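One structure is given below, encoded as structure tokens.
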Amino acid sequence: MRIKQYLGQLIIPKLPFTRHVFNHIRWEINAMWIQINNFINPYYLWKNLRIRRFRNLSVNIGCGPFGKKGWVNLDLMKMPNLYLRYDCRKRLPFRVNSVTRIRCEHFLEHLDPKEQVPMFLKSCLESLQEGGILRIIVPDAERYLLAYKSQKKADWIALGWDLENLPEGFKTQIDIINHVFRQCEEHLYAYDFETLSGLLQQVGFNKVVKSNFGVSVDQMLCDDLPNHKPYSLYVEALKEMI
């Protein structure tokens, strides 16, 4: 057992708050450290200044370990092919009208829907050039709820879940629902197309369309992650030319 795991098992049960609160505090401390670095660290300042000099950028937000070569890959954690460690939950580090396309795959559901989501979507809109596209991919709440309502094994199979052979810790369909849309408190909201489309229109995207895996009006946005295909909602929002 690793030392950190051992210390965690020893210390966390004795804390005056839950493991969830502990993990949240640890995450926010890391986020604060990254924010400070982007404000005072010369290397981070140089990286921020550099991307503000360019136009026609392709941006991958919350890229995780799937950073795309030739793109500006942003994530809070240190990842392969990362351009900059950055807290994207609020505003983005780009000039107005400097970005051609933004990919946001399984990131939006991690944001607070009341405070962070509107600010983040508005920042995406401001960063995009006229004609630019924001592609958002999230777990599709409608598909999961339809599967739950139908009670059909085939509907769950299509989402990647075999009801007769569930992973350890899963006993019912509600266990699946809670896992997908709570994920140990990491996921903060469940989206269907109607809700996500309304949010995008509210911040100023006039054209919002429901898309599919590997299908986009921008060829460079077609490279979706195959592991997310069975259960994802694909939405594209266009910043229309005035």
Side-chain angles (χ1 to χ4, degrees), residues 18-20 23-24 27 60-66 68 75 77 88-89 102-118 120-121 124 133-203 205 207-218 221-238:
T18 65
R19 180 182 293 271
H20 162 62
N23 289 335
H24 185 71
W27 179 269
N60 190 6
I61 295 175
C63 63
F66 306 104
K68 299 166 66 65
D75 200 288
M77 309 304 292
C88 298
R89 294 177 297 176
I102 299 175
R103 173 186 296 280
C104 179
E105 187 159 2
H106 284 256
F107 170 76
L108 193 74
E109 66 271 21
H110 293 265
L111 305 187
D112 179 86
K114 298 298 183 181
E115 297 182 4
Q116 294 173 342
V117 168
F120 169 74
L121 294 179
C124 288
I133 299 174
L134 167 63
R135 183 173 177 88
I136 296 179
I137 304 166
V138 292
D140 192 340
E142 181 181 9
R143 295 180 65 186
Y144 278 94
L145 296 178
L146 287 174
Y148 177 80
K149 181 180 179 180
S150 74
Q151 300 287 303
K152 294 180 180 178
K153 295 178 182 178
D155 291 342
W156 284 107
I157 289 289
L159 292 170
W161 293 88
D162 182 356
L163 296 180
E164 296 181 350
N165 188 29
L166 291 175
E168 183 178 355
F170 292 81
K171 296 180 180 179
T172 69
Q173 295 174 56
I174 282 295
D175 286 338
I176 301 173
I177 297 290
N178 276 285
H179 169 73
V180 173
F181 296 107
R182 295 182 65 83
Q183 209 151 102
C184 298
E185 311 298 335
E186 291 185 12
H187 289 183
L188 301 182
Y189 208 71
Y191 293 95
D192 63 356
F193 176 70
E194 180 183 13
T195 303
L196 184 50
S197 175
L199 288 170
L200 288 162
Q201 292 174 359
Q202 186 176 331
V203 301
F205 284 98
K207 185 175 182 181
V208 181
V209 297
K210 186 174 183 180
S211 188
N212 292 292
F213 172 81
V215 177
S216 173
V217 295
D218 183 339
L221 286 169
C222 291
D223 189 20
D224 299 320
L225 296 175
N227 58 306
H228 290 155
K229 177 182 178 181
Y231 49 80
S232 292
L233 169 67
Y234 298 85
V235 175
E236 291 191 337
L238 176 68

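Being a predicted model, the structure only gives us computed values, none of them experimental. Each residue takes its place number in the sequence, starting with 1. All values below were derived from every heavy atom in this structure, side-chain atoms included, with hydrogens, water molecules and symmetry-related copies excluded.
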* Using side-chain contact (heavy atoms from CB on, under 4.5 Å) as the criterion, list what pairs up with Glu164, not counting sequence neighbours. => Lys153, Asp162
* What's the spacing between Cys124 SG and Phe205 CZ if we round to 0.5 Å? -> 6.0 Å
* Structure fact -> By salt bridge (Lys or Arg N to Asp or Glu O under 4.0 Å), Asp175 pairs with (sequence neighbours left out) none
* Structure fact -> Contacts satisfying salt bridge (Lys or Arg N to Asp or Glu O under 4.0 Å) that involve residues 224-238 (not counting sequence neighbours) are Arg103-Asp224, Arg135-Asp224, Arg135-Glu236
* Closest non-hydrogen atom pair, Asp75 against Gly62 -> OD2-C, 3.3 Å
* Asked: Considering residues at least two apart in sequence or located in another chain, which fulfil the side chain to side chain donor-acceptor pair (under 3.5 Å) criterion with Lys68?
  -> Asp223
* Of all heavy-atom pairs between Cys88 and Phe120, which one has the smallest distance, and what is that distance? -> O-CD1, 3.2 Å
* Structure fact -> Taking every heavy atom of Pro118 against every heavy atom of Pro113, the minimum-distance pair comes out as CD-O, 3.5 Å
* Quick one: which of Val235, Leu238, Ile136 gives a side-chain contact (heavy atoms from CB on, under 4.5 Å) with Val208? -> Val235
* Partners passing side chain to side chain donor-acceptor pair (under 3.5 Å) against Trp156 (at least two apart in sequence or in another chain) -> Gln173
* Asked: How many angstroms lie between CG in Leu121 and CG in Leu108, if you round to the nearest 0.5 Å?
  -> 5.5 Å
* To do: For residues Leu166 and Ile176, determine if any side-chain heavy atom of one lies less than 4.5 Å from a side-chain heavy atom of the other.
  => yes
Name every donor-acceptor pair, under 3.5 Å, that has one atom in a side chain of residues 192-199 and the other anywhere in the protein, sequence neighbours excluded.
from   : atom 1 : to     : atom 2 : distance (Å)
Asp192 : OD1    : Thr195 : N      : 2.9
Asp192 : OD1    : Thr195 : OG1    : 2.7
Ser197 : OG     : Gln201 : NE2    : 3.4

* **Atom pair CG (Leu134) and CG (Leu200), whose distance is rounded to the nearest 0.5 Å** => 6.0 Å
* Between atom CD1 of Ile137 and atom OH of Tyr191, what is the distance when rounded to the nearest 0.5 Å? -> 15.0 Å
Run the side-chain donor-acceptor check on residues 177-184: report pairs under 3.5 Å with partners two or more places apart or on a different chain.
from   : atom 1 : to     : atom 2 : distance (Å)
Asn178 : ND2    : Ile174 : O      : 3.0
Arg182 : NH2    : Glu185 : OE1    : 3.1
Arg182 : NH2    : Glu185 : OE2    : 2.8
Gln183 : OE1    : His187 : NE2    : 3.3

* Asked: For His228, which residues count as a side chain to side chain donor-acceptor pair (under 3.5 Å) partner, sequence neighbours excluded?
  -> Glu105
* Count the heavy atoms belonging to other residues, nucleotides or ligands that lie under 6.0 Å from OH of Tyr189, then report whether that count exceeds 12. => no
* To do: Could you list the residues that satisfy side chain to side chain donor-acceptor pair (under 3.5 Å) with Asn60, not counting sequence neighbours?
  => Asn73
* Got a sec, which residues hit side-chain contact (heavy atoms from CB on, under 4.5 Å) with Asp112, two or more places apart in sequence or on another chain? -> Lys114, Glu115, Gln116, Leu188
* **Euclidean distance, Thr172 OG1 relative to Phe170 CZ, rounded to 0.5 Å** => 9.5 Å
Between side-chain atoms of residues 142-149 and protein atoms elsewhere (two or more places apart, or another chain), which donor-acceptor pairs fall under 3.5 Å?
from   : atom 1 : to     : atom 2 : distance (Å)
Arg143 : NH1    : Pro230 : O      : 2.8
Arg143 : NH2    : Pro230 : O      : 2.7

* Structure fact -> Taken to the nearest 0.5 Å, the spacing of Leu111 CG from Cys104 SG works out to 7.0 Å
* **Contacts of type ring pair (Phe, Tyr, Trp, His ring centres under 6.0 Å), residue Phe66, not counting sequence neighbours** => none
